[in-house]
Amino acid sequence: MSREAKNVAQKILAAHLVEGDPAKDAEIGIRIDQTLTQDATGTMAYLQFESMGVVRVKTEVSVSYVDHNTVQIGFENADDHDFLQSVAKKYGVVYSKCGNGICHQLHLERFGRPGTTLLGSDSHTPTGGGIGQIAIGAGGIDIAVAMAGGAFHIPTPKVRAIVLKGRLRRGVSAKDVILKVLEKFGTKGNVGWIFEYAGPGVKTLDVPSRATIANMGAELGVTTSVFPSDAVTRQFLVAQGRAKDFTEILPDRGAKYDDVFEIDLAKVEPMMAAPHSPGNVVTVRSMKGAKVNQILIGSCTNSSYRDIRTVALYLKGKHVADDVEVGIACGSRQVVNMLAKDGSLAILHAAGCRMLENACGFCIGAHMSPRTGAVSLRTNNRNFEGRSGTKSAQVYLVSPETAAASALTGKVELPTKRPVAAVSAPKRFPVDDSMFLYRATAGKGVRGAEIVRGPNIAPVPKGVPLAADLKAVCAIKVGDKITTDHIMPAGARLKFRSNVPQYAKFVFEPCDAAFHDNCLANKEKGLANVIVAGESYGQGSSREHAALCPMYLGVKAVIAKSIERIHRANLINFGIVPFTFENPKDYDKIAKGDALELKGVRAAVEGDGRLTVKTAKGDVALKTALSDRERRLVLCGGLLASL
Ligand code: MIC
Ligand code: SF4
């Protein structure tokens, strides 16, 4: 290991490096200490883990959370929960029961350890960066590999320092800071970067605030975000009764960064992300007075005790406006217990808020879809069109402070006008781990334990080797910033996550409801399906179903102007070739339904990744830059097929 001064990211990565050399190689492999799954991606991850034939998990700790599909209309969700519980018992995974809370909040509270690596089957896993972890979101199959002791591969990162100076004004909080970062760097073009927070302003932010900032790094599209582990981190861990988990990790003096961007916290004002992208950032000031119909507070971004207590202070002794509905979902039982003790729950009830389950709920459109055309202010991290469950809704992302101030009048309000006192970091958090099962057998498992498999649990399909040539059809042509919510909708469809043939019926439902039938018809004729897309294809969720279900429908290649990191990895994991245009203008040469001849596609993948495709409007040059490992996966039909 080199003695050169290192930043925080480099230190943690160097301590976990198992493949490649960051100074030379484009891809590195790292050892994973901890994993987390949530139910919506977890069933597939554990089905894949099972098919690897490993007897127990080999990580320091692996936790299976149930927080997404908690509504239980029909048997499907409950089937999944039972399956997950039985798998956890058998393989030595800790199981967090439904109702315990949201995976990222819980992991931060009870398991996250500075200096370790965490891989999670959820794109907001980087929340752990708030506690000094290198925490990365990935597809379920990558988590399965990590649980089996395998390395995880990332593009060798570039590290950007976000240097924080000064102190936030009252009424302004971490959400406004990350929205400021999003305003500057946007939701595309950050692939391959780690954002490391540094500078004197860091110590003014408590761990939940740091976690909020790291969480929404997912919206930037970065590999992860990380904070140093310092006295504030130590205080948080001590208060959680986890002093022994603390390690100090600070950047070395003279540590270098590939880029530096400075933010004066004192100058940050309340911000919001306007429909339909977390990158459409505007000031709250510019929207002041706009009518609001719904306000929802919670999600893995803003559901800590600090956040919900702050909301209670805004609403104390007051009532929410008559024509606005307000819902609050806490991140964990710990948060609820604290709010119960200090009277906040009573305040929120009295103020007319609907207290929701400690779960993802509204954030993923699984609950409280707003009315037609509603303006909904939310503290979560994504406002993609239709994600709320109501296509015509206008969703704005705001801080808990802005949400609370606006709840009182039913209009967008500046929280800085009447700020409340700052909530100080608790000296002791009440600890109740009773809804974490199988801690005693964690890492060991229970041999012979039976796995419970209801009818919603279907086997995982495997890919087939890539053919030498492909006669294909452009099955769909989509524009820029297509999210995984467009490709594989969540909300009401989420309950089919464990059943690929069933879930595959909804691929691209919001864009082209006939996609499934057309793909199967092409497949029957022996034609391969190809998806053509614009910039930043596959933004958002880590859901591997956005690759797995298309694979099931015979999609063999994606041709896009650019592809986001997690989705690109998922495509490769399921044997779909991630091509980009040599010349982005060639996007215009292909239309939906066009015949495409991918002659020599296998040889191209084996070789330099360049392929010329014949289309009715002339030749189109494509490229794919694959590492040796990725090339092997694509050629044999994906990761499962390679085992
Ligand atoms: C999301 O916020 O989009 C999700 C739902 O948490 C996803 C995971 C999933 O699709 O299950 C994510 O962020 O990865
Ligand atoms: Fe859950 Fe929303 Fe966080 Fe995704 S972004 S993990 S749906 S709370």
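All ligand and atom numbering here is 1-based and tracks the order in the structure. Quick caveat: nothing in here was measured; it's all calculated off a predicted structure.
Using modelled atom types, no side-chain atom of His107 and backbone atom of His104 make a donor-acceptor pair closer than 3.5 Å.
Using a 4.0 Å cut-off between charged nitrogen and carboxylate oxygen, Asp485 and Arg543 count as a salt-bridge pair. Glu385 and Lys481 are not joined by a salt bridge, as no carboxylate oxygen comes within less than 4.0 angstrom of a charged side-chain nitrogen.
The part of Asp122 lying near ligand 2 is the side chain, judged by heavy-atom distances below 4.0 Å. Contact annotation for His104 and ligand 2: only side-chain heavy atoms (C-beta onward) come within less than 4.0 Å of the ligand.
Near atom 2 (Fe) of ligand 2, less than 2.8 Å away, sit the protein N, O or S atoms Cys363 SG.
Of all non-hydrogen atoms in Met216 and Pro278, the two that sit nearest each other are CE-CB, 4.3 Å. Here the shortest heavy-atom pairing between Asp480 and Gly534 reads OD1-CA, 3.3 Å.
Side-chain contact of Glu219 with Thr187: a donor-acceptor pair under 3.5 Å is absent, judged by distance alone. Side chain to side chain, Asn215 and Asn381 meet the donor-acceptor criterion of an N or O pair below 3.5 Å. Between the side chains of Thr59 and Gln34, no donor-acceptor pair of N or O atoms lies under 3.5 Å.
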Test log, rule salt bridge (charged side-chain N to carboxylate O under 4.0 Å, His left out), inputs Arg210 and Glu196:
CA-CA 11 Å; Arg210 296 176 184 189; Glu196 178 170 321; over 6 Å; no

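Among protein residues, Gln38, Ala40, Thr41, His68, Asp122, Ser123, His124, Ile364, Arg382, Arg387, Arg497, Ser541, Ser542, Arg543 come within 4.0 Å of ligand 1, judged on heavy atoms.
Here the two rings, on Phe195 and Phe185, have centers that are under 6.0 Å apart.
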